[in-house]
Asker: 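Here it is, the structure, as structure tokens.
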Amino acid sequence: MYLCSMSKVRVRFAPSPTGGLHLGGVRTVLYNYLFAKNNGGDFIVRIEDTDQTRYVPGAEQYIFDCLQWCGLEPDESPLHGGEYGPYRQSERKEKGIYQQYAEQLIKDGHAYYAFDTPEELEQMRTMYTTADNPSPQYDHHLRMKMKNSLTLTADEVNTLLTNGTKHAIRIKMPENEIIAFNDMIRGDIQNESGLVDDKVLLKADGMPTYHLAVVVDDYLMKITHAFRGEEWLPSAPVHVLLWKYLFGLDKMPQWAHLPLILGPSGKLSKRDGAKYGFPVFAMNWMDPKTNELTEGFKERGFLPEAFINLLALLGWNAGTEQELFTKEELIQQFSMERVHSGGAKFDFEKAKWFNHEWIKKLPVNHYSDKVKNIFENNGLAVEGNEKFESILSLVSDRCTLLPDFYTQAGFFFKDPETLDTESVKPKWNADKQHFFTEWITQLNSISSWDAVAIEQSFKELATAKNIKPGDLQMPLRVMLVGGKFGPPVFVIAATIGKAAAINRIQQALGIFSTF
RNA sequence: GCCGCGUUGGUCAAGGGGUUAAGACGCCUCCCUUUCACGGAGGAAUCACGGGUUCGAAUCCCGUACGUGGUACCA
């Protein structure tokens with residue numbers, strides 16, 4: 001329904017490489033991607049690196065790493081190539097792409113040269129700041145009091161220009177115009193042009209600002225639908241105007257301003273990660289300047305399947321009761337009509353539930369390598385896949401995040417480090433002590449070491465000794481596992497093997513005998 | 001200050017004039033299980049507030065409040 005023309009759907013994610021990739025950023029990528037794929041279109045990543053003062057080495061590669069982890073591969077990007085390159089705005093600026101459009105706007109009377117220095121701008125702001133107007137704008141009220149090609153004579157301007165005086169190019173916002181456009185999520189939006197300031201289009205260093213670059217590049221790259229965060233809504237009239245002046249409104253992409261993702265107390269910020277104990281970035285991000293590490297969902301133990309699933313549902317739903325979606329299902333069912341306009345508060349508990357569901361849903365071989373890494377990082381070398389995976393599937397119901405596998409299944413590979421003696425102590429007695437010592441000798445001569453046989457011998461001896469098997473099972477569990485958790489205890493005994501089982505019982509007995 | 005956007009349970013949310021106001025997470029109770037989980041059955045919102053419009057409003061309109069964003073030669 002948004003395919004008003006014959007042209008192929010093309011969407012873009014345009015991050016500035018200045019740091020970690022935020023939850024909200026990934027969701028913007030996701031909605032772009034889902035919409036594109038749902039319409040058989042292309043997903044483009046364009047790097048908006050026009051602010052050289054904020055350049056952070058490694059941030060660009062990091063963004064692509066995150067996308068790859070999420071399984072949201074671009075069709076075109078600086079890394080993936082494409083016919084509409086270059087895909088970095090810094091490189092596009094080198095080719096002089098933006099300059100010409102800015103000049104054209106001046107020629108047409110829609111923009112002007114501004115020679116004001118940062119100091120002069122600062123001066124203007126302090127001069128006009130009042131209680132009623134805490135942030136004076138460079139707009140139609142003030143532009144005639146500033147130093148620009150509107151206030152200077154043509155000769156003066158020419159001299160300044162030929163002398164190479166640093167200058168910016170600003171848009172000349174009309175005073176009394178209603179600027180309207182249609183947003184796919186919010187419907188008709190109207191703004192008064194006089195309320196918006198004369199945004200800088202081309203900076204003194206020759207770089208375009210976002211406002212110019214987004215319009216020029218969306219046009220040149222034949223973008224059909226432009227999705228971005230809600231924070232862009234106030235400057236949308238500038239972009240609409242630029243489209244009107246430069247390329248024509250009929251060529252303008254369909255806009256969609258996505259709702260915010262909020263943290264537990266308002267806007268979600270990087271610091272919330274540390275503050276509330278959950279990640280906000282897709283992957284670990286190490287700030288190269290401060291060496292500060294911010295945790296990512298990946299490293300926290302999330303599955304990418306769960307991560308995109310939970311993000312998709314933060315602001316969108318299928319209108320059915322389905323909550324678990326594969327990427328393919330999301331592509332198939334996604335539609336902008338069902339995207340919310342209101343912001344959503346991120347709930348880490350629900351996020352964990354999604355992960356839990358995905359751990360249960362996916363065959364263990366989908367993530368056994370990752371779990372193996374976790375085991376190795378904990379100093380537990382794992383050899384052989386088959387047994388490892390069958391053990392993982394024994395405990396997967398009990399794991400919410402990937403590292404849970406280590407706490408839930410570590411005891412299969414090494415003796416418990418501590419025993420929950422407090423659970424055993426109150427009901428421990430000489431009868432039980434004797435039972436286990438005797439059982440050990442029986443175990444030694446058990447014919448086939450499997451759960452059924454072990455359980456049988458256990459129960460027979462218990463009956464013979466006139467002890468309820470149930471009173472014995474919990475101590476046995478603590479002996480083998482270390483605590484009151486895990487799969488059926490005889491399955492554990494069978495899995496860890498005869499020698500280990502008997503050894504653990506013996507060790508524990510030594511401790512229990514001192515009660 | 002001004003401007004924009006938003007507001008259904010603690011959270012995600014369905015529902016768009018007549019419903020007992022779905023469902024999920026979390027929480028609580030119970031069942032299953034002589035562990036922990038999984039699974040199953042239950043429990044707890046009158047839709048921010050105030051005015052309209054209407055026979056009838058969570059649903060439409062207007063105000064107010066609150067939240068959030070913008071107000072940079074940052075994106």
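Lettering follows sequence order; numbering is per chain, from 1.
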Asker: Do the charged groups of A:Arg504 and A:Asp415 touch, with an N to O distance under 4.0 Å?
Answerer: yes

Asker: What is the separation between atom CG on A:Asn191 and atom P on B:rG69, rounded to the nearest whole Å?
Answerer: 18 Å

Asker: Which nucleotide, if any, forms a Watson-Crick or G-U wobble pair with B:rG39, using both distances under 3.5 Å?
Answerer: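 Paired with B:rC31.
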
Asker: Does A:Ala351 or A:Phe485 map to a spot on RNA chain B nearer the 5' end, using the closest nucleotide for each?
Answerer: A:Ala351

Asker: Classify the nucleic acid contact of A:Gly315 as base, sugar-phosphate or nothing, counting any heavy atom under 4.0 Å across all strands shown.
Answerer: sugar-phosphate

Asker: Using the closest heavy atom to pick a nucleotide of RNA chain B for each, name whichever of A:Thr209 or A:His356 lands nearer the 5' end.
Answerer: A:His356

Asker: If only side-chain N and O atoms of A:Arg338 are considered, is one of them under 4.0 Å from the OP1 or OP2 phosphate oxygen of B:rG15?
Answerer: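 Yes.
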
Asker: Does any N or O donor sit under 3.5 Å from an N or O acceptor when you compare the side chain of A:Arg398 with the base of B:rC36?
Answerer: yes

Asker: Is the phosphate of B:rC74 approached by A:Lys199 (side-chain N or O, under 4.0 Å from OP1 or OP2)?
Answerer: no

Asker: Roughly, in whole Å, what's the span from CG in A:Asn317 to P in B:rC25?
Answerer: 16 Å

Asker: Return yes if the base of B:rA24 and the side-chain atoms of A:Lys350 contain a donor-acceptor N/O pair under 3.5 Å, otherwise no.
Answerer: yes

Asker: Whole-Å distance between B:rA14 P and A:Leu314 CG?
Answerer: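 Between P of B:rA14 and CG of A:Leu314: 12 Å.
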
Asker: Around atom NZ of A:Lys414, are there more than 12 heavy atoms of other residues, nucleotides or ligands at under 6.0 Å?
Answerer: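 Counting other residues, nucleotides and ligands, NZ of A:Lys414 exceeds 12 neighbours.
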
